[in-house]
Structure formats: C-alpha cells, structure tokens
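The block underneath contains the structure these notes are about, expressed in structure tokens.
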Amino acid sequence: MVMLLQNQNQNQNKPPNFTAIPVIDLSHPDDAKNLIVKACQDYGFFKVVNHGVPLWLVSQLENQTMEFFNMSQSEKNKYCPPYPTGYATKTIGPNGDVGWLEYLLFTSNDFSTNSKTFTSLAKEYVEAVKKLGCEILELVAEGLKIEPKSVLSRMLSDDKADTIFRLNHYPPCPDTDPDMDHRATNTIGFGEHTDPHLISIARSNTTSGLQICLPNGTWVGVPPDHTSFFINVDDMLQVMTNGRFKSVKHRVVTDKLKSRVSMIYFVGPPLMEKIAPLGSLMEPGEESMYDEFTWFEYKSCTYKTRLADDRLSFFHKGCHPLV
Ligand SMILES: C=C1C[C@]23C[C@@]1(O)CC[C@H]2[C@@]12CC[C@H](O)[C@@](C)(C(=O)O1)[C@H]2[C@@H]3C(=O)O
Ligand SMILES: O=C(O)CCC(=O)C(=O)O
Ligand SMILES: [Fe+2]
C-alpha cells in the first residue's frame with residue numbers, strides 16, 4: 001500500500017502504559033456492575049474478560065480479515081461502494097481526515113465481501129458482540145441503580161439499532177522524521193477523537209498502538225490483549241448520564257515493524273431515538289447539561305465535522321447544532 005501522508009508525522013513520544021486499566025470480570029456480575037460504573041466515571045474506558053465471545057470466532061474472523069487486506073490494492077478497491085460503507089484507505093470520514101490505515105466499514109448486517117467465510121464469521125461475531133453489548137448496558141443501568149435495567153440495552157436490542165462494524169488495518173510504518181533528529185516518532189494511524197455512539201466494543205491483535213487520554217489530559221498507551229474486549233464510553237452515554245460518564249478521547253499510532261488489526265462494534269441507538277439525560281438519574285434540582293436531540297441529528301452533525309472536533313459542544317444547553 002503506497003501512502004503519502006503529509007504533516008501526519010507527529011511526535012507522540014511513546015507515552016507510559018495505562019497500568020491501572022480497570023479489568024471487569026463478567027463472570028461476577030454483582031461486582032462487575034459497580035466496577036463498570038466506576039470505570040465509566042473515572043476513565044470512560046475499561047477492559048472485559050470472561051465476556052462469552054468464543055475465541056475461535058475472534059481468531060478466525062481476524063484471519064479472514066487479514067486475507068482481505070492482503071489482497072492486491074486493485075482487488076480491494078472493488079469494495080469501495082459509496083461512502084460510508086465498504087473498503088477505504090487513508091481517508092477517514094468525508095472532511096479531509098487521513099490516517100495510516102485501511103479499513104472495512106459495515107453499516108448494516110450485510111457483511112458481503114469476496115469471501116462467504118468472512119461474511120458468515122462476521123455475522124456470527126457481530127451477533128455475539130451485540131449480546132455482550134446488551135449485557136454491559138444492563139450492568140451499567142444496574143450499577144447506576146436506574147430502572148428498568150433495559151433502559152439503555154433496549155436501544156441495542158431494538159431492530160432499528162444503528163450500529164457500525166469496523167475492521168481497521170494499520171500496516172507497519174517505517175517512519176523517520178528528519179526534523180526529529182532520527183529519534184523515534186510515531187505516525188498517526190487514527191487521529192484523536194471521541195466515538196459518537198453509546199459505547200464501542202473493540203479488540204485488536206497483539207500489536208500495540210491504541211492510546212487513550214486520561215481526565216487529567218495525559219495520554220497513555222493501552223497494552224494490547226487479543227483475548228479481551230475494550231469498552232469505550234461514547235458521546236451519547238456521556239449525554240444520557242448528564243456528564244457523569246466521560247466519552248473517552250483516543251487515537252492510534254502505528255508500529256514500525258508490525259501491522260495492527262482492530263475490530264470495533266459501535267453501538268448506536270435507533271436514528272429517531274430522543275437523546276437527553278435520563279430522568280431517573282437526575283438528582284432533584286440537577287440541570288440538564290444538554291438540549292434534547294435525536295441520534296439522527298447528532299449523527300448528521302458528526303459527518304459535518306472533523307475527527308478531532310468537539311461535537312458535543314454543539315449540543316450543550318443553549319448552543320445551536322450544525323444541522
Ligand atoms: C472524520 C470523521 C470520521 C467519522 C465521521 C467523522 O466525520 C467524525 C467521527 C468519525 C467516527 C469515529 C468513530 C467511528 O470510527 C466512526 C465510524 C463514527 O461513527 O464516527 C467514524 C466516522 C467515519 O470513519 O466515517
Ligand atoms: O483501531 C483502534 O483500536 C481504534 C480505532 C478507532 O478509534 C475507531 O475506529 O473509531
Ligand atoms: Fe474511535
């Protein structure tokens with residue numbers, strides 16, 4: 001893959017690893033519900049183990065995904081239907097963002113590529129991850145002590161849930177930056193952003209690269225763990241918890257020698273779902289930080305902005321969205 005990414009070599013001086021990452025064991029739901037809420041408040045980010053998604057499924061889908069990305073560029077380009085679904089390289093979104101990656105993006109349950117095996121594995125994986133998403137959203141409601149416990153998970157179990165499945169491939173990037181005196185620099189694979197949805201459920205192979213921003217503004221590296229899932233709090237969950245949970249800012253840097261592959265399932269509500277802080281969560285006299293809007297309105301705004309833009313700021317009480 002030939003890539004020319006001008007001004008993309010940023011010195012991200014390898015940050016320290018996030019050693020305090022909350023690890024939630026889903027085989028102990030009573031502990032898990034409280035630990036999840038704490039993790040969402042403290043970092044907007046946590047890792048789940050004993051998640052119930054079969055590891056054979058995960059690794060077979062990863063192999064199939066690599067088979068796709070290992071095809072010739074001209075073969076892959078056949079899978080570039082009109083944005084936002086299908087295969088793309090370098091460009092992220094419609095507004096000029098670029099990264100050192102290629103990816104497949106599926107916005108429906110149709111995972112068609114050249115391989116029937118890929119299609120059926122992707123279907124099975126997404127079903128399993130959807131189940132995991134419902135379980136996590138139920139635990140969030142239970143941990144927050146709000147009823148019914150399906151108050152969040154119902155948006156995902158709804159047939160009209162607006163989800164995205166994304167497979168990212170970051171080829172090795174042998175960068176050297178003459179301005180940096182040949183010190184190691186890292187090229188941006190996926191620039192910093194928050195995810196717009198409710199939660200994102202992500203995993204990767206054993207190559208590092210994912211970094212998150214802690215509430216004090218420090219960037220930390222997330223040590224890869226190919227058998228676990230990493231959960232991000234996204235913008236919609238920040239709104240629905242009236243800011244108690246923080247949508248986590250994250251980015252991906254490339255590796256000089258190893259390729260990285262990640263699979264992310266973005267859990268979005270039905271397009272016409274009205275999004276506002278949950279009434280059952282609000283303390284007496286607590287003011288809503290956001291005006292009510294639909295997920296469709298937020299999503300439309302998302303696609304009019306750049307990756308690093310603070311999209312939520314347009315929806316703060318009294319601000320006028322770009323719709
Ligand atoms: C630059 C962009 C890409 C993005 C849409 C956007 O205009 C801003 C948000 C981006 C993001 C981040 C999370 C997901 O990867 C994604 C699919 C999403 O819903 O919002 C991407 C969008 C994209 O790649 O199309
Ligand atoms: O590749 C990753 O681990 C994260 C990519 C990402 O943030 C995204 O696709 O929204
Ligand atoms: Fe993301």
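Order of listing sets the numbers, starting from 1, for every ligand and every atom in it.
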For this session: Start with the C-alpha gap between N77 and Y87, add the side-chain angles, then the distance that decides, and say whether side chain to side chain donor-acceptor pair (under 3.5 Å) holds.
Result: CA-CA 7 Å; N77 288 342; Y87 172 80; 5.0 Å; no

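- Counting heavy atoms closer than 4.0 Å to ligand 1, residue L307 contributes atoms from both its backbone and its side chain.
- Residue N168 approaches ligand 2 through these ligand atoms, each under 4.0 Å from one of its heavy atoms: 1 (O), 5 (C), 9 (O).
- Within ligand 2, the atoms closer than 4.0 Å to a non-hydrogen atom of F266 are 8 (C), 9 (O), 10 (O), numbered from 1 in the order shown.
- Geometry about the Fe ion (ligand 3) gives an angle of 90° between NE2 of H193 and OD1 of D195, rounded in steps of 10 degrees.
- Here the NE2 atom belonging to H250 is positioned 3.0 Å from the NE2 atom belonging to H193, to the nearest 0.5 angstrom.
- Applying the 4.0 Å criterion to heavy atoms of S262 picks out, from ligand 2, the atoms 1 (O), 2 (C), 3 (O).
- Y265 does not carry R166 over the face of its six-membered ring by the limits of under 6.0 Å from the centre and within 45° of the normal.
- Within the 4.5 Å cutoff, no side-chain heavy atoms of Y103 are placed close to those of H169.
- The aromatic rings of F266 and H197 sit tilted, their planes meeting at an angle between 30° and 60°.
- The nearest non-hydrogen atom to atom 3 (O) of ligand 2, considering only R166, R260, H193, comes from R260.
- Looking at Q238, its side chain does come within 3.5 Å of a backbone N or O of S247 through a donor-acceptor pair.
- Taking distance alone, with nitrogen or oxygen atoms compared against 3.5 Å, Y103 stays at or beyond that limit from ligand 1.
- Neither the backbone nor the side chain of Y103 has any atom closer than 4.0 Å to an atom of ligand 2 (non-hydrogen atoms only).
- Considering backbone and side-chain atoms together, D97 places no N or O closer than 3.5 Å to any N or O of ligand 1.
- The contact set between ligand 1 and I92, taken as ligand atoms under 4.0 Å from a residue heavy atom, comprises 1 (C), 3 (C), 24 (O).
- Between P172 and S259, the shortest heavy-atom distance links the atoms CD-CB, 3.7 Å.
- Here the closest heavy-atom approach between residue V37 and residue F245 is recorded as O-CE1, 3.9 Å.
- In the vicinity of H250, heavy-atom distances shorter than 4.0 Å reach the ligand 2 atoms 7 (O).
- Using a 4.5 Å heavy-atom cutoff, the side chains of Q73 and T89 are in contact.
- Between Y125 and F229, the ring planes lie tilted relative to each other; the angle falls in the 30° to 60° range.
- Not a single heavy atom of K299 sits less than 4.0 Å from an atom of ligand 1.
- Of all the atoms in ligand 2, the ones that sit under 4.0 Å from a non-hydrogen atom of Y170 are 1 (O), 2 (C), 4 (C), 5 (C).
- Near D195, meaning under 4.0 Å from one of its heavy atoms, ligand 2 places the atoms 10 (O).
- Which parts of ligand 1 touch T302 is read off a 4.0 Å heavy-atom cut-off, strictly below it: atoms 5 (C), 6 (C), 7 (O), 8 (C), 9 (C).
- Counted by atom type alone, T207 and D255 present zero donor-acceptor pairs between their side chains at under 3.5 Å.
- Close approach of ligand 2 to V252 is summarised as follows: ligand atoms under 4.0 Å from at least one heavy atom of the residue are 1 (O), 2 (C), 3 (O), 4 (C).
- With a 4.0 Å cut-off on non-hydrogen atoms, K304 does not touch ligand 1 at all.
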